[in-house]
Amino acid sequence: MARADSWLADGWLWDQITIGDQPPSRTACAANPSSSSSAPPSTEDCITLLRPVPATCSYYSASHTSAVVVVVVVVAFVMFVSDASCLKSHDYDCFYASVFENEDPTLRTRPLAVQQKQIVVTCNYEARRRGLYKLQLIKDAKRLCPDVVIVLGEDLTRFRNASKELYMLLRSFSWNQKVERLGFDEVFMDVTDIVDYNLALLNPHDLSNSFFCLEKDDPTVGFAFDASRPAGCTFPEGTANTSVLVPPLDELRLRLHLGSHLAQHLREALRLQKGYTCTAGVSTNKLLSKLVGTVHKPDAQTTLLPPYGDTGDGIDNVTSLMDHFEVGKVPGIGCKITQKIRDFLQQKQLQENESSLDSSAEPQPLLVGTVRNHPSINIEALTQLLSGPGTRHDTPTRVWQFLNGCDTTEVGGARDVPRQISIEDTFGRLDTEQDVIRELKKLAQSLVRRMHTDLVASDEDPIPEDTVEPDGPSRRRWLAFPKTIRLSTSLRLPRKPNAPRSFSARSSRSAPLPGWVFSTKESVNAVADRLVTEVLLQLFRKLHPGKKGWDLSLMNVAVTNMNDAASEKGGPGRDIGDMFRTQDEVLRQWSVNDGPEAGDGDVRYGGDDDDGVGDGMRIEAGTEQRPNEPAVQDTADVDVDVWESEDEDMFDDENFRCEQCAAIMPLYARLPHERWHMAL
DNA sequence: AAGCGTAAG
DNA sequence: GATTCTTACGCTT
């Protein structure tokens with residue numbers, strides 16, 4: 001709570017508005033923008049809320065050292081974006097093309113299109129100049145540009161790898177680790193702390209000869225720069241009045257200058273070390289930095305200059321930036337909301353102006369400014385419009401704030417593992433169980449492979465710390481354990497030519513993810529096959545009880561509900577006990593041959609002939625039943641990766657948890673177990 | 001937890 | 001028009 005508020009309050013300095021002549025209602029509104037749905041702020045409150053910062057106030061003066069302005073650097077990796085040709089920029093698509101160009105630089109000068117199925121998902125600058133565009137049919141592209149180089153991009157591995165590499169480079173510059181990925185090709189960085197630190201380092205009398213320190217511990221690491229001017233482009237354009245040499249120093253401006261120089265340094269690093277050019281935006285929140293970053297597109301950066309808020313002179317760079325964007329371009333406002341607003345305004349216009357002659361349903365762009373300034377748009381109207389079952393309760397407020405350039409969302413912390421992994425494929429026709437099984441196996445293989453690449457830490461680097469591994473050449477351990485697996489399918493669209501927007505038409509079923517997928521013993525293919533026959537097929541039959549003839553167009557397999565072991569406090573392994581205790585579903589699948597003396601009885605997987613997954617919930621609570629110790633042997637034909645569902649004391653002196661497969665076993669089993677792993 | 005919807009690139 | 005292949009998150013039950 002305090003954090004979200006301080007983001008708003010510090011970023012926009014609402015809490016200090018009361019210094020001026022503002023009514024207290026704004027402070028109330030600002031202090032609690034969205035935390036309670038009880039009383040949405042009135043329109044008036046929010047209008048004033050969003051531009052109440054007179055430049056003459058001392059909000060940004062050096063005396064307010066407690067004020068924290070968040071500078072967010074949005075980096076979109078973009079290469080060879082079309083210049084100001086009529087098409088919109090497609091950072092994402094260009095990223096795919098950039099990856100290929102980086103692999104083979106000779107492609108840079110040729111028209112390059114990345115193909116998925118029958119369409120061009122992306123193409124480079126050269127291709128665009130010849131009329132190619134995103135989501136174009138391959139045959140159209142070939143017709144338009146016969147010499148186009150077409151590369152297949154259905155396998156996203158290379159993009160994922162490149163994305164991670166670039167992300168890691170950016171992350172290495174961060175101090176607070178607020179580095180949030182958006183898609184493969186965008187990164188938000190909250191560099192407030194670095195900016196703060198360097199702000200304090202500045203010599204106000206000689207800003208032009210400043211040094212930007214990149215490491216707290218080492219004052220020699222950094223670069224020289226001119227703090228009196230921003231680096232790169234600005235919004236609004238023109239550097240005439242961007243100088244900040246005259247006291248009293250404009251603190252916000254100075255911070256933004258610092259952010260812009262840091263952004264330039266980061267872009268330089270990306271270019272020199274990785275060979276990627278990119279686009280960046282610098283401002284005080286995610287929304288503004290992202291939007292301002294689009295102003296100058298390929299290989300450029302833009303900083304949103306102050307003043308941020310109504311100066312009384314009508315000069316407000318936030319508003320003037322926001323107002324020329326289309327509503328649908330504002331991040332957070334998608335096609336649904338846009339359409340609702342459009343319909344609303346259209347209806348209003350019809351009501352008021354019966355005989356208006358615009359019977360032509362012109363798709364003229366719906367600009368932020370026209371919506372925000374429209375007399376019938378206010379919080380109440382938006383609440384009416386955008387509320388309903390299934391909608392977020394704070395959507396109206398958020399939309400209104402977005403339209404005003406206000407964004408209180410925090411930059412997310414850096415993550416080592418994703419929250420979910422999914423693989424999907426589309427099909428022209430998928431009708432028989434045979435085909436379904438075949439495709440499911442392909443999907444499952446990719447999924448398991450991805451789990452291994454994304455969820456296991458291979459070598460030492462991240463946080464081995466106190467792990468006292470003996471010497472094993474393979475020092476692999478799982479960073480996260482997804483708890484559920486989900487199968488989604490969608491049928492071919494039932495031909496609705498005039499429907500405005502058919503819903504996703506996806507349906508899904510999920511089940512607990514069996515623990516044995518974390519075993520490194522079986523091959524990827526073996527695990528994948530087992531997943532299909534023992535889990536996915538059951539899910540599929542739940543979705544499609546019939547025998548054939550479903551006409552599926554898509555299948556998606558996902559693992560979700562990760563228990564992020566790595567980011568938990570206390571180091572790796574700390575919460576694994578918790579995890580396995582809550583993973584009873586998995587344990588239930590183990591049929592244990594527990595005779596009277598079940599001490600080290602056989603362990604085998606129960607589910608070969610019946611659906612051990614779907615309805616395997618027949619463990620009797622309270623009977624103190626628990627799986628046995630794994631039957632640890634020195635041979636490779638026994639399942640070892642069974643774990644206790646007991647308390648923390650399973651980590652006591654008598655037990656050992658394998659870092660590789662997370663199996664819990666008695667200490668004496670450790671050496672044979674490890675030998676067994678290495679033999680794989 | 002399961003299933004759906006929206007939004008993002 | 002929609003087309004691809006994801007990832008994240010909120011709401012409802």
Side-chain angles (χ1 to χ4, degrees), chain A residues 74 76-78 88-96 114-122 133-140 152-157 159-160 163 180-188 286 290 328-340 363 386-395 398-399 402 409 412 415 417-428 443 446-447 450 454 483-488 490 493 495-512 539 542-543 553-562 582 584-585 617:
Chain A
V74 180
F77 310 113
V78 181
K88 313 132 191 180
S89 59
H90 300 301
D91 313 11
Y92 172 82
D93 307 291
C94 272
F95 176 63
Y96 282 10
V114 181
Q115 175 181 14
Q116 283 173 348
K117 294 295 184 295
Q118 297 304 318
I119 63 176
V120 173
V121 287
T122 174
Y133 53 92
K134 178 189 186 186
L135 302 185
Q136 188 177 34
L137 286 171
I138 285 288
K139 62 177 180 193
D140 292 343
L152 203 56
E154 289 172 16
D155 182 355
L156 305 185
T157 305
F159 312 130
R160 212 139 31 209
S163 173
E180 178 183 349
R181 223 132 78 85
L182 182 59
F184 285 169
D185 67 340
E186 288 188 24
V187 173
F188 291 101
K286 284 167 47 168
K290 183 172 164 67
K329 289 294 168 46
V330 178
I333 303 184
C335 56
K336 303 285 186 183
I337 292 174
T338 302
Q339 194 54 49
K340 282 179 182 171
L386 306 177
S387 298
T391 61
R392 272 213 223 203
H393 77 283
D394 61 343
T395 296
R398 284 163 46 97
V399 166
F402 288 165
T409 58
R415 294 191 59 86
V417 294
R419 291 187 212 284
Q420 111 183 12
I421 297 175
S422 74
I423 303 283
E424 72 186 35
D425 204 350
T426 53
F427 313 97
L443 290 173
S446 305
L447 187 69
R450 281 257 276 129
D454 291 5
K483 287 205 286 281
T484 92
I485 182 168
R486 182 180 60 220
L487 173 68
S488 310
S490 67
L493 304 178
R495 276 291 155 257
K496 271 287 194 173
N498 220 355
R501 192 65 305 163
S502 197
F503 40 87
S504 67
R506 263 182 205 219
S507 34
S508 66
R509 292 293 181 273
S510 41
L539 295 177
K542 276 202 220 174
L543 280 166
S553 66
L554 172 147
M555 287 203 298
N556 178 107
V557 183
V559 288
T560 64
N561 208 355
M562 309 254 184
T582 60
D584 281 342
E585 313 90 302
M617 321 178 65

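Proteins get letters first, then strands, A, B, ... in listed order; numbering begins at 1 in each.
- For M562(A) and dA1(B), the CE to P distance is 14 Å, given to the nearest whole Å.
- Partners of T157(A) according to the side chain to side chain contact (heavy atoms under 4.5 Å, CB included) rule, which considers only residues two or more places apart in sequence or in another chain, are D155(A), R160(A), N161(A).
- Not counting sequence neighbours, the partners of N561(A) by the side chain to side chain contact (heavy atoms under 4.5 Å, CB included) test are K483(A), T484(A).
- With rounding to whole Å, K340(A) atom NZ is found 13 Å from dG5(B) atom P.
- If you check every strand for non-hydrogen atoms under 4.0 Å, L137(A) touches a base.
- With hydrogens and angles ignored, the 3.5 Å screen pairs a side-chain donor or acceptor of Q136(A) with a backbone N or O of Y133(A).
- For the OP1/OP2 pair of dG3(B) and a distance below 4.0 Å, the side-chain nitrogens and oxygens of S510(A) include at least one atom meeting the criterion.
- In this pair, F184(A) and F95(A) present their aromatic rings perpendicular. The plane angle is above 60°, beyond the 30 to 60° band.
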Legend entry - Where protein sits on nucleotides 6-13 of chain C, one letter per nucleotide: B base, S sugar-phosphate only, - none, heavy atoms under 4.0 Å: BBSSSSS-
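- A 4.5 Å side-chain heavy-atom check between R450(A) and L156(A) finds every atom pair outside the cut-off.
- Residue Q116(A) contributes atom CD, which lies 17 Å from atom P of dG9(B) at whole-angstrom precision.
- Atom CG of N561(A) and atom P of dG3(B) are 13 Å apart (whole Å).
- Regarding I119(A), its CD1 atom lies at a distance of 13 Å from the P atom of dA2(C), rounded to whole Å.
- Proximity of L152(A) to Q115(A): side-chain heavy atoms (C-beta onward) are separated by under 4.5 Å at one or more points.
- In this structure, OH of Y133(A) is placed 11 Å from C1' of dG1(C), rounded to the nearest angstrom.
- The distance from atom CG of L386(A) to atom P of dG5(B) is 19 Å, rounded to the nearest whole Å.
- If you check every strand for non-hydrogen atoms under 4.0 Å, G153(A) touches nothing.
- Residue K290(A) has a polar side-chain atom (N or O) positioned under 4.0 Å from OP1 or OP2 of dG9(B).
- Of the candidate nucleotides dA7(B), dC4(B), dG9(B), dA7(B) has the atom nearest to the side chain of K336(A).
- Judged purely by atom type and a 3.5 angstrom limit, T122(A) uses its side chain to pair as donor or acceptor with the backbone of C94(A).
- Using a 4.0 Å cut-off, no side-chain N or O of T484(A) falls inside it from OP1 or OP2 of dA1(B).
- When heavy atoms are screened at a 4.0 angstrom cut-off, V330(A) is found touching the sugar-phosphate backbone but no base atom.
- The P512(A) side chain lies nearest to dA2(B) when the options are dA2(B), dA1(B), dT4(C).
- An OP1 or OP2 oxygen of dT4(C) is reached within less than 4.0 angstrom by no side-chain nitrogen or oxygen of K117(A).
- Rounded to whole Å, the distance from CG on L539(A) to P on dA2(B) is 10 Å.
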